[in-house]
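In what follows, a single structure is set out as structure tokens and then discussed.
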Amino acid sequence: MKYNSTRASSVGVSAAQAIMQGISVDGGLFVPESLPEFTIEELAALAGKSYGEKAQIILSKFLTDFTGEELAACIQNAYGGGKFDSDGVFELSKVGESCYFLELWHGPTCAFKDMALQLLPQLLTASVKKVSPGQEVLVLVATSGDTGKAALEGFKDVPGVKIAVFYPENGVAEMQRLQMVTQEGGNLLTAAIQGNFDDAQSGVKQIFTDPSVKGKLAERGMVFSSANSINWGRLAPQVVYYIACYVAMMEKGEILPGEEVNVAVPTGNFGNLLAAYYAKRMGVPFGTLICASNRNNVLTDFIDTGIYDRNRDFYATNSPSMDILVSSNLERLLYELSGRDDGAVRGWFAALQEDGEYEVDEAVKEALAEGFWGGSCNDGETLAAIGRLFREYGYLCDTHTAVAAKAYWDYLEATGDERKVIIVSTASPYKFSDSVLRAISDTPVPDDPFEQAALLQRLAGVPAPPPLMSLKGKGIRFTESVAKDKMADYVLSQF
């Protein structure tokens, strides 16, 4: 299996090269030259296997330059050893008659990013040994909250790897910030940037493609890579949990083999929804893919109109991990929907860079309308969704999951489509205790995040995750604040 660039289809690199490099030299994203397919019978045959066994079967079709033994070791190191508080790695909670919440936050950092970022360090170090043995890798990460901590935890003290994480100074929840600035490990650092997530993401991409920065790093025997979902090694593991979820629903007798199921995903950078799209393309009977946005509804508008316009106000919301106006992984989707037209992709993203907007052609608009539905909600509606789920069903969720639930309810009302739905739950509610408390109770909310978590535990009767509560009293290691145009200088000064 070779990997092409979304901006240069002639590029053909191995999986290991794509994972180590992170992004193509032309600025495009790596995609597999073809997608493996599963029949319903092959999906049914995955029943009864462990999550790791499912992952090995699925990923072996993408990572063909990894031996079975190499891949098995990577998967065991990622998902074994009690890192996840669920035997199945994820949990599937049925709420009402037709909604199934796919809880992906039972890992060490209590966010869905663990599902991929426990595996990516294993894949990256194995890739470096294949492609460029002896070289050290510097992983750069832009985060809107959850990716940063998950990447820091996943890469902590991994030999031959250093990692730098940048987060928006005033754009993450307090518990998310504490997770990052108290992170242990000798090979890492994290810094706030004076801007929003889009500034952080743009800064990281500019560093990746700056020849002078790469040259200076090479003089030190280092190469860049990424832990953001622009890296295929981060995205491929996300495909696994969608396939595993559908298989689990068959195992539980909740659906018949081949029965179509809709999927609602809270998304900002589009990676999580893109993974569901890939799973559908591979043969999983997913129906409509519901794209759920918060007040920063650039994706919802795009699905409705075919016009991507980032020239709009940026809002800091109570679902901060989705506070994004430039959705990187949309590029991969457009490459597929355009028939892998790299020229069209180059044109669209050049227009985005120059003018802040682009409009896709009619064929792509039709493909979007056929497979996707966009919904969004504001902060008040997000809290109302949390309250409704808790009051009516006794189900407690975080602010991002609530956005997906609200989008699904709106979709149901607009279409009458009563097929069963997977609502992707991306984070523990205790990462956003402040907002969740305001949604389920009129009790005054304390300022301290740990007092908030303790109060939420008393009111909801749901145990707070130990990885979050153990942050109390931990020393702050990282206090740096960096101007958004000085990120490259900061990286070079630290490494």
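Note that these values count all heavy atoms, side chains included, but never hydrogens, waters or copies made by symmetry.
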When you measure from the side chain of S338 to the backbone of Y335, do you find a donor-acceptor pair of N or O atoms at a distance under 3.5 Å? yes
Reported CE-to-CG distance for the pair M250 and L256, which is rounded to 0.5 angstrom: 10.0 Å
Verify whether one side chain among Y3 and E33 offers a donor that lies under 3.5 Å from an acceptor in the other. no
Going by heavy atoms in the side chains, are V462 and F390 under 4.5 Å from each other? no
Looking only at heavy atoms, the pair that brings G154 and P121 closest together is O-CG, 3.3 Å
Distance, nearest 0.5 Å, that separates CZ of F349 from OG of S328: 8.0 Å
Set of residues satisfying salt bridge (charged side-chain N to carboxylate O under 4.0 Å, His left out) with respect to D309, sequence neighbours excluded: none
Under 3.5 Å, side chain of R7 to main-chain N/O of D342, donor-acceptor pair present? no
Would N318 and T399 count as having a side-chain donor-acceptor pair, cut-off 3.5 Å? no
Considering only heavy atoms from C-beta outward, does the side chain of Y408 approach that of S98 to under 4.5 Å? yes
With Y79 as partner, the option from V89, V240, D114 fulfilling side-chain contact (heavy atoms from CB on, under 4.5 Å) is V89
Within a 6.0 Å radius of atom CD on E392, are there more than 12 heavy atoms belonging to other residues, nucleotides or ligands? yes
Taking every non-hydrogen atom, the tightest pair across E331 and G28: OE2-CA, 3.7 Å
Can F101 and Y395 be said to form a ring-ring contact (aromatic ring centres under 6.0 Å, His included), step by step? CA-CA 10 Å; F101 283 78; Y395 187 76; 4.6 Å; yes
Output for pair (C74 SG, L59 CG), nearest 0.5 Å, gives 9.5 Å
For I19 and N231: C-alpha separation, side-chain torsions, deciding distance, then whether side chain to side chain contact (heavy atoms under 4.5 Å, CB included) applies. CA-CA 6 Å; I19 291 170; N231 191 320; 4.1 Å; yes
Does the side chain of N262 come under 3.5 Å of the side chain of R419 through a donor N or O and an acceptor N or O? yes
Hey, are N329 and Y277 close enough side-chain-wise for a donor-acceptor pair under 3.5 Å? no
Do we get K252 above Y100's six-membered ring, with its NZ or CZ under 6.0 Å from the centre and within 45° of the axis? no
Parallel, tilted or perpendicular for F302 and Y358, by the 30°/60° rule? perpendicular
S327-N269 side chain donor-acceptor pair, cut-off 3.5 Å: no
With rounding to the nearest 0.5 Å, note down the distance linking CG in L333 to CG in L289. 9.5 Å
May I ask you to check whether K130 and Q17 show a side-chain donor-acceptor distance below 3.5 Å? no
Count the heavy atoms belonging to other residues, nucleotides or ligands that lie under 6.0 Å from NZ of K280, then report whether that count exceeds 12. yes
Would Q176 and D146 count as having a side-chain donor-acceptor pair, cut-off 3.5 Å? yes
Exercise: identify the closest heavy-atom pair between A276 and V263: CB-CG1, 4.5 Å
Could E336 and R332 be called an ion pair, given the rule that one side-chain N must be under 4.0 Å from one carboxylate O? no
Classify the side-chain pair D26/S5 by whether it contains a donor and acceptor separated by less than 3.5 Å. yes
What distance separates E91 CD from S86 OG, expressed to the nearest 0.5 Å? 3.5 Å
Can we call the ring centroids of F90 and Y241 under 6.0 Å apart? no
Regarding D323 and T317, is there a side-chain donor-to-acceptor distance under 3.5 Å anywhere? yes
Is R295 atom CZ crowded by more than 12 heavy atoms from other residues, nucleotides or ligands, each under 6.0 Å away? no
With ring centroids as reference points, do W232 and Y278 lie under 6.0 angstrom apart? yes
Charged N-O contact under 4.0 Å between K365 and E359: yes
Are more than 12 heavy atoms, taken from residues, nucleotides or ligands other than D157, located less than 6.0 Å from that residue's CG atom? yes
Between K149 and Q183, what is the shortest heavy-atom contact and its length? NZ-OE1, 2.5 Å
With ring-ring contact (aromatic ring centres under 6.0 Å, His included) as the test, would you mind laying out the steps for H400 and F112 before giving the verdict? CA-CA 11 Å; H400 305 77; F112 83 101; 9.0 Å; no
Under a 3.5 Å threshold, yes or no: a donor from one side chain and an acceptor from the other, between D379 and T382? no
Side chains of L124 and V137, heavy atoms from C-beta outward: is any pair under 4.5 Å? yes
Smallest separation among heavy atoms of V261 and K420, with atom names: CG1-O, 3.3 Å
Would you call the rings of Y411 and W373 parallel, tilted or perpendicular, where under 30° means parallel and over 60° means perpendicular? perpendicular
Considering all heavy atoms, the nearest K54-A244 contact: CD-CB, 3.9 Å
Separation between CG of L389 and CD1 of I440, rounded to the nearest 0.5 Å: 11.5 Å
Backbone N or O of F155 within a donor-acceptor pair of the N187 side chain at under 3.5 Å? yes
Passes salt bridge (charged side-chain N to carboxylate O under 4.0 Å, His left out), D410 versus K406? Steps please. CA-CA 6 Å; D410 289 345; K406 176 62 165 61; 2.7 Å; yes
Distance only, no hydrogens: is a donor on one side chain within 3.5 Å (strictly under) of an acceptor on the other, for E103 and T426? no
Is it the case that the side chains of N77 and Q118 hold a donor-acceptor pair, with the cut-off being a distance below 3.5 Å and no angle test? no
